[in-house]
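Structure first, then comments.
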Amino acid sequence: MRAEALKGHLDGLLLAALEDGPRHGYAIKEALREATEGRIDLPTGTIYPALHRLERAGLIAGDWSVVGGRRRRTYELTAAGRTVLSRERTGWQEFATAITAALGTRSWPATS
């Protein structure tokens, strides 16, 4: 999937990847890739700046841990993040319905 097709939806995708519990950045990337059967495979250079932005906005909270001798930052949804995720889902459903209707229509109404 082209990266420009994801513009405006990245935050919702990242929040959704955290809905089932805390994950570190690479696990978020892998969760999105697996959930979309490889159709969305974001570069780490896209993931981490977005996670930092979501953390500054209070939508996710990060915490440092050591796993296998390596420091990792693990992120989880905040209450505000869950609210925004719900809004993102509603907005996406409305958008997808409208686009599906427009692209699925074989005959458009005649113009005068």
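Hydrogens, waters and symmetry mates play no part in the numbers below; they use all other heavy atoms, side chains included.
Interatomic distance, L42 CG to T36 OG1, rounded to the nearest 0.5 Å: 8.5 Å. To the nearest 0.5 angstrom, I40 atom CD1 is 5.0 Å from L13 atom CG. If you take OH on Y48 and CD1 on I28, they are separated by 7.5 Å, rounding to the nearest 0.5 Å. A distance of 9.0 Å separates CG of L59 from CD of E88, quoted to the nearest 0.5 Å. The distance from atom NE2 of H24 to atom CZ of R70, rounded to the nearest 0.5 Å, is 9.0 Å. We find the CZ-CG distance between R56 and L51 to be 10.5 Å, quoted to the nearest 0.5 Å.
Heavy atoms only, all atoms of each residue included: G58 and A80 are closest at O-CB, 3.9 Å. The shortest non-hydrogen separation linking T74 to P22 is CG2-CB, 3.5 Å. Of all heavy-atom pairs spanning L85 and A16, the tightest one is CD1-N, 3.8 Å. Annotation for Y75 and L18: closest pair O-CD2, 3.3 Å, computed over non-hydrogen atoms. Summarising the geometry of A50 relative to L14, their closest heavy-atom pair is CB-CD1, 3.4 Å, with the distance given to 0.1 Å. Heavy atoms only, all atoms of each residue included: T44 and K29 are closest at CG2-CD, 3.9 Å.
Under a 3.5 Å cut-off, the side chain of R23 and the backbone N or O of A17 do form a donor-acceptor pair. In this structure a side-chain-to-backbone donor-acceptor pair under 3.5 Å is present from T83 to A79.
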Kindly indicate, with the supporting measurements, whether the criterion side chain to side chain contact (heavy atoms under 4.5 Å, CB included) is fulfilled by D11 and V84. CA-CA 9 Å; D11 290 358; V84 169; over 6 Å; no
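Using the six-membered ring where Trp is involved, W92 and H9 have ring planes that are perpendicular, over 60° apart on the 30 and 60° scheme.
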